[in-house]
Amino acid sequence: AQKITQTQPGMFVQEKEAVTLDCTYDTSDQSYGLFWYKQPSSGEMIFLIYQGSYDEQNATEGRYSLNFQKARKSANLVISASQLGDSAMYFCAMREGRDGGFKTIFGAGTRLFVKA
Amino acid sequence: DTEVTQTPKHLVMGMTNKKSLKCEQHMGHRAMYWYKQKAKKPPELMFVYSYEKLSINESVPSRFSPECPNSSLLNLHLHALQPEDSALYLCASSQASRSTDTQYFGPGTRLTVL
């Protein structure tokens with residue numbers, strides 16, 4: 001079964017607008033971490049934001065925020081004031097605490113296109 | 001400083017060649033990883049070293065051989081590769097204080113096997 005699901009293969013957003021990238025996850029572990037990475041065409045995986053399963057507040061990092069809804073098992077990424085440089089592939093990922101064994105589970109990714 | 005460096009950036013090799021990919025991190029992390037990523041797919045974990053010991057050995061072909069000389073360095077030795085091994089190879093590191101630590105990735109090596 002898919003542990004990380006990203007249902008949007010591609011998304012378009014107008015420059016300066018906000019966009020939400022969806023991510024749902026599945027785990028029976030109480031302790032886990034949720035991550036978003038950005039991968040431009042150059043290939044580097046850039047860490048954007050982290051949410052721990054016990055964190056009560058939604059994580060924010062500059063223009064990035066993570067909308068964490070634990071009961072719904074969703075961890076959507078919100079990018080505010082989109083810029084042309086935000087065009088990239090975005091991966092949602094999870095690391096499980098008890099049985100994770102240092103593995104990271106990635107979703108299939110969402111490709112974001114920012115239009116001028 | 002969250003830098004993970006990888007060399008070379010690009011590598012083209014024949015099926016009979018032997019080459020190595022190198023990765024270095026200066027963050028004091030104790031876990032390092034090799035991933036393989038095919039185009040338009042998420043990364044797939046190949047190897048994990050935590051505290052310089054191989055912790056997870058996926059069913060990766062023996063033509064890939066990892067080496068961890070110390071906690072800052074990670075090599076991937078390549079021998080007798082196949083064209084389907086052409087991919088982006090990503091190195092990453094994490095603190096390893098807990099399994100949910102953030103991984104930081106290097107820029108990757110684009111490998112082409114002819």
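In the text below, chain A, chain B and the rest are named by the order of the sequence lines, each starting its count at 1. Computed from a predicted structure; not experimentally measured.
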Quiz item: Looking at A:Ser42, A:Gly109, A:Pro9, which has the largest count of heavy-atom pairs under 4.5 Å with chain B?
Solution: A:Ser42
Quiz item: In terms of hydrophobic clusters joined by side-chain contacts under 4.5 Å, are A:Tyr64 and A:Met94 together?
Solution: yes
Quiz item: In Å and rounded to the nearest 0.5 Å, what is the OH to CD1 distance from B:Tyr104 to A:Ile46?
Solution: 13.0 Å
Quiz prompt | Backbone N/O of B:Asp101 and side chain of A:Arg95: donor-acceptor pair under 3.5 Å | solution = yes
Quiz item: For B:Thr102, is it the side chain, the backbone, both or neither that has a heavy atom under 4.5 Å from a heavy atom of chain A?
Solution: both
Exercise. Treat each ILVMFWY residue as a node, draw an edge where side-chain heavy atoms are under 4.5 Å apart, and state whether A:Leu112 and A:Leu84 are in one component.
Key: yes
Exercise. For B:Gln82, look at atom CD and say whether over 12 heavy atoms of other residues, nucleotides or ligands are found less than 6.0 Å away.
Key: yes
Quiz item: Within a radius of less than 6.0 Å around NZ of A:Lys16, do more than 12 heavy atoms belonging to other residues, nucleotides or ligands occur?
Solution: no
Practice problem: Assess whether atom NZ of A:Lys73 is packed by more than 12 heavy atoms of other residues, nucleotides or ligands within 6.0 Å. | Solution: yes
Quiz item: For A:Ser41 and B:Arg110, which heavy atoms make the closest approach, and how far apart are they?
Solution: O-NH2, 3.1 Å
Exercise. List the steps and the verdict of side chain to side chain contact (heavy atoms under 4.5 Å, CB included) for B:Tyr35 and A:Phe106.
Key: CA-CA 12 Å; B:Tyr35 286 86; A:Phe106 287 90; 3.9 Å; yes
Self-check item: Side chain, backbone, both or neither of B:Gln37 within contact of chain A (heavy atoms, under 4.5 Å)
Solution: side chain
Quiz prompt | Least distance between heavy atoms, A:Tyr37 atom then B:Gln103 atom | solution = OH-O, 2.6 Å
Quiz item: CD of B:Glu84: more than 12 outside heavy atoms within 6.0 angstrom?
Solution: yes
Self-check item: side chain to side chain contact (heavy atoms under 4.5 Å, CB included) between A:Gln39 and B:Leu90, worked out
Solution: CA-CA 12 Å; A:Gln39 189 174 40; B:Leu90 292 162; 4.2 Å; yes
Quiz item: Does a donor on one side chain sit under 3.5 Å from an acceptor on the other, for A:Glu96 and B:Thr100?
Solution: no
Quiz item: Do A:Leu66 and A:Ile79 belong to the same hydrophobic cluster, where Ile, Leu, Val, Met, Phe, Trp and Tyr are linked whenever their side-chain heavy atoms lie under 4.5 Å apart, directly or via other members?
Solution: yes
Quiz item: Same cluster for B:Tyr33 and A:Phe91 if Ile/Leu/Val/Met/Phe/Trp/Tyr side chains link at under 4.5 Å?
Solution: yes
Quiz item: chain A contacts: which residues in residues 11-24 of chain B have a non-hydrogen atom closer than 4.5 Å to it?
Solution: none
Quiz item: Any chain of hydrophobic side-chain contacts (each under 4.5 Å) joining A:Ile4 to A:Ile49?
Solution: yes
Quiz item: Is chain A contacted by the side chain of B:Ala92, its backbone, both, or neither, given a heavy-atom distance below 4.5 Å?
Solution: neither
